[in-house]
Amino acid sequence: MKHFSKFLNETYHANEKGTSKLKDNIDKKNFDIQKDTNIPSFMRSGLVVLSVILLASIAIAYSNKAIGTNPVTAVFSNKISNKELPIYCVDTPDKKVALSFDAAWGNEDTQKILDILKKNDVHVTFFMTGGWVESYPDDVKAIAKAGHELGNHSENHKQMSTLSAEECKEEIMKVHEKVKELTGTDMHVFRPPYGDYNDNLIKVTRECNYNAIQWDVDSLDWKDYGTDSILNTVLNHKHLGNGSIILCHNGAKYTAQALDQLIKGLKEKGFTFVTMSELIYKDNYEMDVEGRQHQKSTPGTDSSN
């Protein structure tokens, strides 16, 4: 999947380096064997073949280890094969989804979106940047008053994988304090701008008492293709299912127009709506390679969240 491509790409390059090194070793061995004139030619040929087979076997073993042939999951963390992952979706037996809106630019349709959500008795999560919070403080208060979850989308909407740990912390906590001052609310879910992250960011997010959130269903509303496109993209999405996280934007051109039909379409499929913090597991979980949270079963307890 897209979000795991960075890990695979790094592994690929690591394998390239390892393979190149092994090739150099093979060439050197062959040269040394061919150079030794005290060894009969047929024995030299046999030793060359054996050396190639041996080093090729080592190369295969190295490659399997590097790409994680045996899947490794870490309990109580966001790690998979030693890579830190945000939450893309949640493994749950319940037909529930989390609808989310990124708020970084504009507020023309925010009140309309809130009205539609209220009419359909649906609560969602708004991920807000610090600039948006400063520009539209009344909207922030209205979102909170309506019972929706307030989420963190960084202070300046930067590519946070390029920042230091201290800079990442500043991007998260600046907007946190602004929202806390406005609403008295401590936010606990964070969505990286552009969906861009690395191990450093996920670790810092956790240190700031946040869960890093991505999505597995992108409405593509930001492409401004129209209401039908939004509806078809979400309702027929191959990843739409129990525990899906749906990405929308409050400032996209057609989102508000499509929202009522989108909610009805999801309800017709049997889905109910919860906020992000209501969907995700807070502890005792593990991740798989798709960024899906799985609750770890504890003997004698219910594993549902």
Side-chain angles (χ1 to χ4, degrees), residues 86-88 90 96-158 160 168-195 197 201-202 204-215 219 221-222 244-252 255-256 259 263 272-282 293 305:
I87 300 168
Y88 282 80
V90 176
K96 56 186 178 182
V97 295
L99 183 59
S100 62
F101 294 84
D102 286 0
W105 299 278
N107 79 324
E108 293 80 6
D109 291 330
T110 304
Q111 187 56 55
K112 183 177 180 180
I113 288 171
L114 291 176
D115 290 342
I116 294 170
L117 293 172
K118 181 179 180 180
K119 182 183 76 172
N120 288 281
D121 192 25
V122 167
H123 291 97
V124 303
T125 302
F126 284 83
F127 290 96
M128 308 169 295
T129 64
W132 197 86
V133 171
E134 277 192 9
S135 298
Y136 310 110
D138 289 341
D139 284 353
V140 177
K141 293 176 182 177
I143 290 169
K145 185 177 180 181
H148 302 293
E149 181 176 22
L150 304 177
N152 193 322
H153 199 36
S154 83
E155 175 66 14
N156 297 298
H157 209 268
K158 294 181 178 181
M160 296 186 69
C168 286
K169 182 176 181 181
E170 186 175 347
E171 281 289 314
I172 293 170
M173 296 311 297
K174 270 191 174 182
V175 63
H176 181 98
E177 294 304 326
K178 288 178 182 179
V179 171
K180 178 69 178 289
E181 185 176 348
L182 270 175
T183 67
T185 302
D186 284 306
M187 298 182 292
H188 294 292
V189 287
F190 170 77
R191 173 169 286 157
Y194 313 107
Y197 68 92
L201 175 60
I202 305 303
V204 171
T205 301
R206 193 160 51 242
E207 290 168 2
C208 293
N209 198 29
Y210 273 85
N211 285 287
I213 307 294
Q214 293 281 74
W215 60 87
S219 69
D221 59 349
W222 51 275
S244 279
I245 295 173
I246 303 170
L247 170 65
C248 294
H249 298 77
N250 78 307
T255 303
L259 184 57
I263 292 172
T272 58
F273 295 83
V274 293
T275 64
M276 207 63 62
S277 289
E278 290 172 329
L279 177 68
I280 65 175
Y281 301 116
K282 311 303 189 304
Q293 266 194 325
N305 58 344

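These values consider heavy atoms only, across backbone and side chains, with no hydrogens, waters or symmetry-generated copies.
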query = Of all residues at least two apart in sequence or in a different chain, which pass the side-chain hydrogen bond (donor to acceptor under 3.5 Å, both in side chains) check with Ser154?
reply = none
ask   = Hey, does Leu201 have a side-chain heavy atom less than 4.5 Å from the side chain of Phe190?
value = yes
key: Those residues that, when tested against Phe273, pass side chain to side chain contact (heavy atoms under 4.5 Å, CB included) (two or more places apart)   = Val97, Leu99, Val122, Ile263, Leu266, Lys267
task = Evaluate the criterion side-chain contact (heavy atoms from CB on, under 4.5 Å) for residue pair Lys174 and Asn156; output intermediate values, then yes/no.
result = CA-CA 10 Å; Lys174 270 191 174 182; Asn156 297 298; 5.6 Å; no
request  = Output all residues satisfying side chain to side chain contact (heavy atoms under 4.5 Å, CB included) with Thr272, sequence neighbours left out; order by chain, then residue number.
outcome  = Lys96
inquiry  = According to salt bridge (Lys or Arg N to Asp or Glu O under 4.0 Å), who are the partners of Glu177, at least two apart in sequence or on a separate chain?
reply    = none
task = Would you please name every residue forming a side-chain hydrogen bond (donor to acceptor under 3.5 Å, both in side chains) with Asp138, sequence neighbours left out?
result = none
ask   = With sequence neighbours left out, which residue pairs that include part of residues 100-122 fulfil the salt bridge (Lys or Arg N to Asp or Glu O under 4.0 Å) condition?
value = Asp102-Arg191, Lys119-Asp260
ask   = Is a donor on one side and an acceptor on the other found under 3.5 Å between the side chain of Asp221 and the backbone of His249?
value = yes
inquiry  = Can you list everything that forms a side-chain hydrogen bond (donor to acceptor under 3.5 Å, both in side chains) with Lys141? Sequence neighbours excluded, please.
reply    = none
request  = Mind checking salt bridge (Lys or Arg N to Asp or Glu O under 4.0 Å) for Glu155 and listing every partner two or more places apart, or none if nothing turns up?
outcome  = Lys178
request  = Output all residues satisfying side chain to side chain contact (heavy atoms under 4.5 Å, CB included) with His148, sequence neighbours left out; order by chain, then residue number.
outcome  = Leu114, Leu117, His123, Val124, Phe126, Ile143, Ala146
key: All side-chain hydrogen bond (donor to acceptor under 3.5 Å, both in side chains) counterparts of Ser135, not counting sequence neighbours   = none
ask   = Among all residues two or more places apart in sequence or in another chain, which pass the ring pair (Phe, Tyr, Trp, His ring centres under 6.0 Å) test with Phe127?
value = none
message = For the residue pair His176 / Asp186, report whether a side-chain donor-acceptor contact shorter than 3.5 Å exists.
response = yes
ask   = Listed by chain and number, what are the side chain to side chain contact (heavy atoms under 4.5 Å, CB included) partners of Trp105, not counting sequence neighbours?
value = His157
ask   = Do you know which two heavy atoms are closest between Thr255 and Cys248, and how far apart they sit?
value = CG2-CB, 4.3 Å
